[in-house]
Amino acid sequence: MTSTPAFDPEGPEPARQGTTRQVPARNGKVMRVSVLTIAVALLAATLAPGTASSAPAPAAWPTTAVSPAGQPTTATSPEPTLTWGDCPEAVAAPGLECATIDVPLDYAEPDGRTIEVAVSRLASTNPQERRGVLLTNTGGPGGEGLSYPAGLRDVLKLPQALLDQYDVIGMDPRGVGHSTPVTCGISPLDQPTNIPMYARGAADVRAEAKRVAAVAEKCGASATADVLPHITTANTARDMDRIRVALGESTISYFGISYGTYLGSVYTSLFPEHSDRFLLDSATGPGGWDASFSRLFGQGVEDRFPDFARFAAARPEYGLGETPRQVRAKYFELAARLDKTPSPDGYTGAAFRFATFAALYYDSSLPGLAETWQALDQGEPVPVPGAVTAPAPAEPGVPGEQATPGEQPAPSSEAAGIPADNYVASQLHVICNDSDWPEQLWRYQVNVAIDRVRYPMFGAAGANVTPCANWPSEPVEPQVKITDEGPSNVLILQNLRDQATPLAGAQALRDAFGDRARMVTADQGGHLSYLRLGNDCADDIATEFLLTGVLPVDDVACGAP
């Protein structure tokens with residue numbers, strides 16, 4: 001434990017709403033490369049060039065604009081259309097078609113500048129059974145989604161009845177991948193992870209603040225800084241509604257995972273009359289990825305860690321403890337040892353805590369985590385970093401979030417016009433634009449001190465400062481409020497022990513939706529649920545909801561698979 005932080009009352013000057021600001025240059029040190037081997041090992045997934053384009057028709061259609069107060073208004077813009085063609089090589093799959101659609105950069109100016117959004121379709125091959133479209137989102141934010149419909153069919157084995165009933169629609173959200181992409185001009189050394197780093201005290205928070213301020217400054221001075229304020233969840237939801245119109249549908253159904261649960265929540269709040277059946281798997285909560293959600297990581301690790309403790313205690317060959325209590329004690333022992341003296345291959349206490357957080361995503365990562373602990377405990381070289389740090393899907397090829405919280409994919413093909421830092425840059429854009437983050441350094445120092453006590457394993461990471469504290473733009477509109485106004489058409493699916501999107505966030509979203517929603521909890525650990533963990537109870541309820549639209553009468557608690 002460290003001493004109580006010495007509070008720093010100074011913080012960045014606030015900017016006027018809807019404007020960009022220049023972030024003062026900071027001379028902060030970049031963390032040692034050896035410490036960053038964890039994050040560098042997380043890089044995955046490469047994209048290839050090319051996507052079909054769409055040709056807008058000359059007619060006009062009603063679209064949603066935003067007044068200065070943030071309320072929807074009605075405006076006209078060219079009617080969107082989709083011209084289907086081949087997909088980029090890296091996402092091509094049998095039956096998958098791709099197109100692009102032009103959308104307003106700023107929905108407050110619907111006749112102004114436009115950007116492109118890339119869309120994919122896996123069309124139903126059973127016209128007699130087809131009833132509509134199922135839009136999907138892979139989370140992140142920043143996850144590319146063009147290949148997701150094919151992955152749902154080929155790997156997760158989406159039931160054939162659903163493939164008959166829906167055209168499954170994927171998309172790269174605005175700012176992402178084959179849509180008009182954004183960049184911050186940063187490298188993995190600048191921003192090694194989307195999870196805040198563990199802070200041992202006020203001095204660590206102050207040092208991290210200098211580093212992340214430099215990241216924010218680069219985002220504000222990047223080649224795509226002119227679009228920066230408009231990469232938001234609300235605007236992506238408006239893009240989805242333009243896709244709905246282009247598809248000729250009066251309503252859409254939706255399946256989103258992790259951050260995608262927030263996008264779906266925002267869409268069905270902005271456009272309840274155009275919402276059909278919304279399945280939300282592993283929910284962030286009603287505020288999306290805001291400062292409160294970030295602090296939930298501390299609670300999430302406390303929820304999830306007992307699964308690993310039981311795993312390691314049952315395997316004496318790792319030498320990490322004979323009981324779960326002893327394994328937990330080993331965590332604090334190793335963290336304290338590495339805080340004092342990093343391992344020869346660069347593991348600090350912060351890197352060790354992050355590696356543990358990342359490996360808790362999926363049960364398949366637990367053996368690699370135990371091997372890493374064992375090596376660090378015995379002073380041996382850590383095994384291949386990817387074995388522990390990449391919160392990879394439960395099996396090779398399983399689609400999911402392209403990069404879940406704590407993970408970054410490999411640089412996309414710059415030959416395709418996709419910047420190497422697109423994933424992390426687009427994620428920062430959404431997270432920092434969606435909500436108003438605290439700007440005063442002392443607030444983060446206070447929260448770190450509180451959460452180090454409340455959630456001693458990881459609370460001092462979740463509460464730490466991020467680039468959002470110095471983001472070069474204030475939110476251009478108020479957050480969309482998630483309420484109980486609208487049809488009862490939302491099903492939330494949630495693992496009880498998920499460190500990435502903890503149960504507490506899902507419960508808060510369930511409360512916000514009121515009678516619009518039901519929640520199915522599953523007695524299992526890790527991130528993401530539907531069709532992944534073999535829980536027939538949870539999977540069957542979710543499938544039946546998408547097929548029939550019928551919600552359970554009450555919330556449902558499913559047992560272990």
Taking the six-membered ring for Trp and the full ring for Phe, Tyr or His, determine whether the centres of Tyr262 and Phe293 are under 6.0 Å apart.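 No: the rings miss the under 6.0 Å criterion.
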
Taking 4.0 angstrom as the limit, do [X] and [Y] come out as a salt bridge?
X: Arg532; Y: Asp363; value: no
X: Arg238; Y: Glu477; value: yes
X: Arg211; Y: Asp190; value: no

With the side chain counted from C-beta on, respond yes when [X] and [Y] share a heavy-atom pair under 4.5 Å apart, and no when they do not.
X: Asp290; Y: Asp434; result: no
X: Glu474; Y: Glu439; result: yes
X: Phe352; Y: Tyr198; result: no
X: Phe311; Y: Tyr318; result: yes
X: Asn495; Y: His527; result: no
X: Phe297; Y: Gln499; result: no
X: Leu338; Y: Thr348; result: no
X: Arg497; Y: Leu360; result: no

Is it the case that the side chains of [Y] and [X] hold a donor-acceptor pair, with the cut-off being a distance below 3.5 Å and no angle test?
X: Thr236; Y: Asp239; result: no
X: Tyr259; Y: Thr233; result: yes
X: Gln494; Y: Ser529; result: no
X: Asn235; Y: His230; result: no

Quick one: does any side-chain atom of [X] pair with a main-chain N or O of [Y] as donor and acceptor, under 3.5 Å?
X: Thr372; Y: Val382; value: no
X: Asp498; Y: Ala500; value: yes
X: Asn433; Y: Ile231; value: yes
X: Gln427; Y: Gly140; value: yes
X: Ser179; Y: Ala118; value: yes

[atom1]-[atom2] distance between [X] and [Y], expressed to the nearest 0.5 angstrom:
X: Thr232; Y: Arg174; atom1: OG1; atom2: CZ; result: 6.5 Å
X: Tyr530; Y: Leu493; atom1: OH; atom2: CG; result: 9.0 Å
X: Arg510; Y: Ile492; atom1: CZ; atom2: CD1; result: 7.0 Å
X: Ile418; Y: Asp172; atom1: CD1; atom2: CG; result: 7.0 Å
X: Ser222; Y: Ile186; atom1: OG; atom2: CD1; result: 9.5 Å

Please lay out, stage by stage, how Thr521 and Leu503 fare under the test side chain to side chain contact (heavy atoms under 4.5 Å, CB included). CA-CA 9 Å; Thr521 53; Leu503 177 63; 4.1 Å; yes

Taking all atoms of both residues into account, what is the closest heavy-atom pair of [X] and [Y], and its distance?
X: Ser426; Y: Gly142; result: OG-CA, 3.4 Å
X: Asp226; Y: Pro229; result: O-CD, 4.1 Å
X: Pro467; Y: Leu428; result: CG-CD2, 4.0 Å
X: Phe513; Y: Ser265; result: CE1-OG, 3.6 Å
X: Val480; Y: Ser269; result: CG1-CB, 3.9 Å
X: Ile115; Y: Leu105; result: CG2-CD1, 4.1 Å

Indicate the ring-plane relationship of Trp373 and Phe308, choosing parallel, tilted or perpendicular according to the 30° and 60° boundaries.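 Perpendicular: the ring planes of Trp373 and Phe308 meet at over 60°.
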
For the residue pair Trp471 and His429, categorise the inter-ring angle as parallel (less than 30°), tilted (30 to 60°) or perpendicular (more than 60°).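 Perpendicular, since the angle between the ring planes exceeds 60°.
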
Step by step, would you call Phe354 with Phe458 a ring pair (Phe, Tyr, Trp, His ring centres under 6.0 Å)? CA-CA 8 Å; Phe354 173 79; Phe458 204 67; 7.6 Å; no

Might you confirm whether atom CZ of Arg454 has over 12 heavy atoms from other residues, nucleotides or ligands at distances under 6.0 Å?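 Yes, enclosed.
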
Non-neighbouring partners of Lys330 that pass side-chain hydrogen bond (donor to acceptor under 3.5 Å, both in side chains), sequence neighbours left out: Glu333, Asp377

Restricting to side-chain contact (heavy atoms from CB on, under 4.5 Å), what partner residues turn up for Val448, sequence neighbours left out?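 Checked Val448 against side-chain contact (heavy atoms from CB on, under 4.5 Å); matches are Ala199, Val205, Arg452, Ala460, Ala463, Asn464.
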
